[in-house]
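Read the numbers this way: they start at 1 and go in the same order the structure lists the ligands and their atoms.
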Amino acid sequence: MLKKANSLFIGKPTISLEHIDSTNVYAAELITSHKPSEGTTIIAKHQTQGLGQLGKTWQAEEGKNITLSIILKPTFLHPTHQFDLTRMVAVAIAQWLEDYIDKQIYIKWPNDIYVGRKKIGGILIQNVLSQGIIQYCILGIGVNVNQARFSSNIPNPTSFFMELNQDFDLPSLCNHMFIYIEQNYLALKNGRLAELNKEYHERLFQRDESQEYILSDRGKISGTIRKVEPLGKLVLEVDGIQKSYSLTEVQHII
Ligand code: BTN
């Protein structure tokens, strides 16, 4: 049963744009020019230069998908704990998807959202630090919703439509997602880290499975994901030895 409540501050206000290069870039400019309140959200029907992780682009067909950025002010978090925001939002999106899609939803480290072995969404977090504090966080979220076909250079996409064979109303989906993000953000603010970490690990893609990965220093290896460290490094066991890796040092093979 889908909750009918509303969020208290996420999405308030919402700035709706037809076309923009990237909602994350717009959010960064807004932070500089207007000092927006926490929860301010920028939603675009179409991004001309959507940003993905590791300098990649994020492609989404106009008007069919969720492409938005939420501005938070997590001044309570020490900059070394930025991964707490990744964990919190990945869990929120997975929990939200579980209300609709009756398949296993995974979080592919660090924050890709998968339905089974297919990617339905991604997150790009950009933090604004000053004076040793995270002054602002831009949570950029892209979720494939009503798109039925993807260009061949996107390796393993899926969408709400591809999973459920029906179209969805984007504003209602977003409002529902905002509730989960708000709940988990408040949980983080209130120190319920252990709970969020448990939720994250329960959904961690390929956890405890022997799989092939590409390591930047060793090439293709067979290894097993064991966990994600508190500050966000991936712990992979290779030949019985556990070692932690950062995002640029390990790649999944999908
Ligand atoms: C990834 O999986 O590589 C992250 C994708 C993040 C895409 C979203 S869409 C809304 C927001 N604005 C951007 O330019 N990127 C993020």
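Distance from atom 5 (C) of ligand 1 to its nearest protein heavy atom, with residue and atom name: Trp58 CE3, 3.4 Å. Of the protein's heavy atoms, Lys119 NZ, 2.7 Å lies nearest to atom 2 (O) of ligand 1. Nearest protein heavy-atom contact of atom 15 (N) of ligand 1 is Leu51 O, 2.7 Å. Considering only non-hydrogen protein atoms, atom 9 (S) of ligand 1 sits nearest to Gln47 NE2, 3.4 Å.
Which parts of ligand 1 touch Gly50 is read off a 4.0 Å heavy-atom cut-off, strictly below it: atoms 14 (O). Which parts of ligand 1 touch Gln53 is read off a 4.0 Å heavy-atom cut-off, strictly below it: atoms 1 (C), 3 (O), 4 (C). Remark: ligand 1 atoms within the under-4.0 Å shell around heavy atoms of Asp112 are 2 (O). Listed by number with element, the atoms of ligand 1 under 4.0 angstrom from any heavy atom of Thr23 are 10 (C), 11 (C), 12 (N).
With 3.5 Å as the limit, one finds a donor-acceptor pair spanning the side chains of Gln47 and Thr23. In the model, Ser246 has a side-chain atom that pairs as donor or acceptor with a side-chain atom of Glu249 under 3.5 Å. Between the side chains of Asn111 and Gln53, at least one donor-acceptor pair of N or O atoms lies under 3.5 Å.
At a heavy-atom distance under 4.0 Å, no atom of Asn111 approaches ligand 1. Neither the backbone nor the side chain of Leu54 has any atom closer than 4.0 Å to an atom of ligand 1 (non-hydrogen atoms only). At a 4.0 Å heavy-atom cut-off, ligand 1 does not touch Lys56 at all. At a heavy-atom distance under 4.0 Å, only backbone atoms of Leu68 (N, CA, C or O) approach ligand 1.
For Glu62, the side-chain contact (heavy atoms from CB on, under 4.5 Å) criterion is met by His19, His46, not counting sequence neighbours.
Around atom NZ of Lys118, no more than 12 heavy atoms belonging to other residues, nucleotides or ligands sit under 6.0 Å away.
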Evaluate the side chain to side chain contact (heavy atoms under 4.5 Å, CB included) criterion for residues Ile71 and Thr41: first the C-alpha distance (whole Å), next the side-chain angles of each, then the deciding distance (0.1 Å), finally the verdict. CA-CA 6 Å; Ile71 297 173; Thr41 299; over 6 Å; no
Just do the side chain to side chain contact (heavy atoms under 4.5 Å, CB included) check on Tyr136 and Leu72 with the steps written out, would you? CA-CA 6 Å; Tyr136 287 97; Leu72 297 174; over 6 Å; no
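The side chain to side chain contact (heavy atoms under 4.5 Å, CB included) test with Ile113 singles out one residue from Val89, Val143, Ile105, and that residue is Ile105.
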